[in-house]
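Data first, discussion second: the structure below is written as structure tokens.
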Amino acid sequence: MLIGEVAESAGVTSQTIRFYEHEGLLPPPGRRGNGYRVYDRTTLNRLAFIRSAQSAGLTLAEIRSIIDVRDAGEVPCGHVTAVLQAKLDAVAARMRELEILASELDHLLERGRALDPGDCTDTDICHILSEAP
């Protein structure tokens with residue numbers, strides 16, 4: 001298959017395929033005598049894997065690390081489990097940070113409801129966000 005056919009089948013652009021090749025996510029393709037890239041079914045399988053891994057929130061670097069394990073002839077299940085656990089831990093930490101932020105925003109909104117806009121001085125940009133005197 002030519003790059004346009006692979007791109008259409010995989011639902012990505014030709015530019016994306018070239019980028020993935022450059023980043024080591026796809027192996028270098030074969031070439032025809034005229035220099036055109038030639039791909040086989042394994043490229044479609046790998047592109048499907050990349051999209052699936054992205055849907056799980058993995059970065060291209062994380063995906064490349066999994067592909068590297070597979071390309072080294074090893075089964076990547078243990079590595080994938082570790083990557084997914086690290087991702088889940090990061091999500092949990094971010095959720096805690098967002099809970100703290102939500103609490104701070106609630107506090108500021110309550111403060112804003114209790115303040116009189118007429119008390120805002122020219123030196124204040126906004127007394128809701130300014131430190132309490």
Side-chain angles (χ1 to χ4, degrees):
M1 290 182 281
L2 296 177
I3 194 167
E5 296 167 321
V6 172
E8 185 176 334
S9 293
V12 298
T13 65
S14 297
Q15 184 177 2
T16 298
I17 293 171
R18 287 186 198 97
F19 176 75
Y20 288 168
E21 288 171 11
H22 181 264
E23 294 298 310
L25 296 165
L26 294 174
R31 299 275 182 165
R32 287 188 174 171
N34 59 6
Y36 287 8
R37 290 172 164 90
V38 180
Y39 300 90
D40 59 21
R41 187 97 190 127
T42 60
T43 301
L44 289 174
N45 294 340
R46 190 165 287 202
L47 286 167
F49 170 77
I50 293 167
R51 292 188 64 157
S52 177
Q54 286 177 314
S55 294
L58 300 185
T59 65
L60 292 182
E62 291 164 335
I63 295 167
R64 185 175 43 254
S65 74
I66 295 165
I67 290 171
D68 288 346
V69 171
R70 172 54 82 186
D71 287 348
E74 299 174 32
V75 177
C77 299
H79 180 68
V80 170
T81 300
V83 169
L84 292 174
Q85 185 63 57
K87 183 66 69 178
L88 181 59
D89 293 346
V91 167
R94 183 66 179 141
M95 287 173 64
R96 287 189 297 274
E97 292 169 1
L98 290 171
E99 286 174 2
I100 292 168
L101 177 59
S103 177
E104 291 173 6
L105 292 171
D106 279 339
H107 172 73
L108 288 170
L109 285 168
E110 286 300 317
R111 179 181 172 161
R113 290 182 192 105
L115 293 174
D116 181 356
D119 292 338
C120 194
T121 66
D122 289 343
T123 59
D124 290 330
I125 294 173
C126 176
H127 64 244
I128 295 172
L129 296 172
S130 300
E131 289 294 318

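In what follows, every heavy atom counts, from backbone to side chain, and hydrogens, waters and symmetry copies are set aside. Since we're looking at a predicted model, the values are computed, not measured.
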Spatial distance of atom [atom1] ([X]) from atom [atom2] ([Y]) [nearest 0.5 Å]:
| X | Y | atom1 | atom2 | answer |
| --- | --- | --- | --- | --- |
| Ile50 | Ser55 | CD1 | OG | 12.0 Å |
| Glu62 | His79 | CD | NE2 | 8.5 Å |
| Tyr39 | Leu47 | OH | CG | 9.0 Å |
| Glu21 | Ile3 | CD | CD1 | 5.5 Å |
| Leu25 | Tyr20 | CG | OH | 7.0 Å |
| Met1 | Leu44 | CE | CG | 4.0 Å |

If you look only at distance, which donor and acceptor atoms sit under 3.5 Å apart when one is on a side chain in residues 96-109 and the other is two or more places apart or in another chain?
unit_1: Glu97; atom_1: OE1; unit_2: Arg94; atom_2: NH1; d: 3.2

Enclosure of Arg31 CZ (heavy-atom neighbours >12, cutoff 6.0 Å) = yes
Within 6.0 angstrom of Glu8 CD, more than 12 heavy atoms from elsewhere = no
Find out whether Val83 and Ile63 are in side-chain contact, i.e. whether some heavy atom of one side chain is under 4.5 Å from a heavy atom of the other.
-> no
Validation row: Leu129, Arg111 side chains within 4.5 angstrom (heavy atoms) | no
Using links of under 4.5 Å between side-chain heavy atoms of ILVMFWY residues, direct or through other members, which residues join [X] in one cluster?
| X | result |
| --- | --- |
| Leu2 | Tyr36 |
| Ile125 | none |
| Val91 | Met95 |

Which pair of non-hydrogen atoms, one from Ala7 and one from Ser14, has the smallest distance, and what is that distance?
-> CB-N, 3.7 Å
Provide the closest heavy-atom pair for Pro29 versus Val38 in the form atom of the first, atom of the second, distance.
-> CB-O, 3.6 Å
Would you check, one step at a time, whether the test side-chain contact (heavy atoms from CB on, under 4.5 Å) holds for Leu60 with Phe19?
-> CA-CA 11 Å; Leu60 292 182; Phe19 176 75; 3.5 Å; yes
Residues in side chain to side chain donor-acceptor pair (under 3.5 Å) contact with Thr13, at least two apart in sequence or another chain = Thr16
Less than 3.5 Å apart, which donor and acceptor atoms pair up between the side chains of residues 67-76 and the rest of the protein, not counting sequence neighbours?
unit_1: Asp71; atom_1: OD1; unit_2: Arg46; atom_2: NH2; d: 2.7
unit_1: Asp71; atom_1: OD2; unit_2: Arg46; atom_2: NH1; d: 3.3

